[in-house]
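We use all heavy atoms of the structure for the numbers below, so side chains are in, but hydrogens, waters and symmetry mates are not.
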Amino acid sequence: MALTKRMKNDETPQLESSPLRETNRSLPIALLRARETVMGPMREMLAGSPVTEQKWRVLRVLRESGAQDQNSIAKRACLLLPSLTRILRVMEADGLISRLEDPADRRRSIVSIEPAGTAILEEHGKHAAALVADLREQFGDEKMEQLLDLLEELQAINSKP
């Protein structure tokens, strides 16, 4: 199908016959923009710490859910397993986590948070909570809860092309 370009009054080319929505109404792009709204201040906060946002998520998962295998951490922290493996290697070397062989399955390791990892969460936890509280105040409690509920529903959909 041949696409033709048409110009709007502002001289921005647009594709006629395109099945794509404009980027300002595209769900993937809107989610990325929303992520940056939330994560930008978090990244700034973490810039003064020894952890990245990915390491922060791993520490939070371990503190919240306790010791667990790498597959569980990857799922809960929204990380790909190969990336998590590299991240855990560095975190272990930095003394933030420890890994022990799973006695039930020697191919698996169980990851635990160490006191140094807990200390980072405690050191930055109040600042992180303040960032979330500020966002919640600006956005509104009801809308925030509604957004979280809608995102959980969206995650539950098994999307297939």
Side-chain angles (χ1 to χ4, degrees), residues 20-159:
L20 297 173
R21 296 187 81 176
E22 292 194 16
T23 56
N24 67 334
R25 297 302 292 170
S26 164
L27 180 60
I29 292 175
L31 289 170
L32 288 168
R33 288 179 179 142
R35 182 182 193 280
E36 287 310 306
T37 298
V38 174
M39 288 309 300
M42 294 294 284
R43 270 190 223 105
E44 287 177 27
M45 175 197 74
L46 293 174
S49 81
V51 297
T52 61
E53 66 179 273
Q54 294 84 2
K55 291 176 184 177
W56 176 261
R57 292 197 314 257
V58 169
L59 291 173
R60 290 205 50 204
V61 163
L62 290 171
R63 184 175 186 182
E64 183 178 304
S65 302
Q68 55 200 282
D69 66 90
Q70 293 181 29
N71 288 325
S72 298
I73 296 168
K75 184 176 180 179
R76 288 186 174 115
C78 299
L79 292 165
L80 297 174
L81 193 55
S83 297
L84 177 64
T85 300
R86 287 188 301 276
I87 290 166
L88 291 178
R89 218 176 286 129
V90 173
M91 292 177 76
E92 186 175 28
D94 292 343
L96 303 176
I97 57 108
S98 60
R99 291 190 281 186
L100 295 173
E101 189 177 273
D102 184 348
D105 183 349
R106 299 177 75 188
R107 296 169 294 175
R108 289 179 3 151
S109 62
I110 302 299
V111 181
S112 301
I113 191 169
E114 288 295 316
T118 302
I120 288 172
L121 290 176
E122 289 174 3
E123 179 181 340
H124 297 286
K126 286 182 183 174
H127 190 183
L131 291 172
V132 172
D134 183 53
L135 183 62
R136 186 177 278 274
E137 183 179 315
Q138 290 181 56
F139 195 58
D141 279 337
E142 188 175 320
K143 284 171 51 176
M144 181 68 81
E145 290 304 316
Q146 182 182 18
L147 176 61
L148 291 169
D149 291 342
L150 289 170
L151 290 170
E152 280 185 16
E153 281 183 47
L154 184 61
Q155 290 172 55
I157 294 173
N158 187 8
S159 300

query: Do V111 and V58 touch side chain to side chain, with heavy atoms closer than 4.5 Å?
result: no

- prompt: Heavy-atom distance under 4.5 Å between the side chains of R21 and L27, does that happen here?
  reply: no

Step-by-step side-chain contact (heavy atoms from CB on, under 4.5 Å) determination, I87 to M91: CA-CA 6 Å; I87 290 166; M91 292 177 76; 3.6 Å; yes

My understanding is that only residues two or more places apart in sequence, or in another chain, count here; which of them pass side chain to side chain donor-acceptor pair (under 3.5 Å) with [X]?
X: S72; value: D69
X: D149; value: none
X: Q146; value: none

- prompt: Step by step, would you call R136 with E145 a salt bridge (Lys or Arg N to Asp or Glu O under 4.0 Å)?
  reply: CA-CA 9 Å; R136 186 177 278 274; E145 290 304 316; 2.9 Å; yes

message: Other residues, nucleotides and ligands only: do more than 12 of their heavy atoms fall within 6.0 Å of CZ on R60?
response: no

task: Name all pairs fulfilling the salt bridge (charged side-chain N to carboxylate O under 4.0 Å, His left out) condition that reach into residues 30-51, sequence neighbours left out, sorted by first residue then second.
output: R35-E53, E36-R43, R43-E53

- prompt: If you look at every heavy atom in A67 and I110, which pair is closest and at what distance?
  reply: CB-CG2, 3.7 Å

message: Tell me whether S26 contacts the main-chain N or O of T23 through its side chain, where contact means a donor paired with an acceptor under 3.5 Å.
response: no

Let me have the donor-acceptor pairs involving side chains of residues 77-86, under 3.5 Å, with sequence neighbours excluded, atom names and distances please.
residue	atom	partner	partner atom	Å
S83	OG	R86	NH2	3.4
T85	OG1	L81	O	3.0
R86	NH1	P82	O	3.4

- prompt: Does anything in residues 114-135 pair up under side-chain hydrogen bond (donor to acceptor under 3.5 Å, both in side chains), and if so which pairs, sequence neighbours excluded?
  reply: S98-E114, D134-Q138

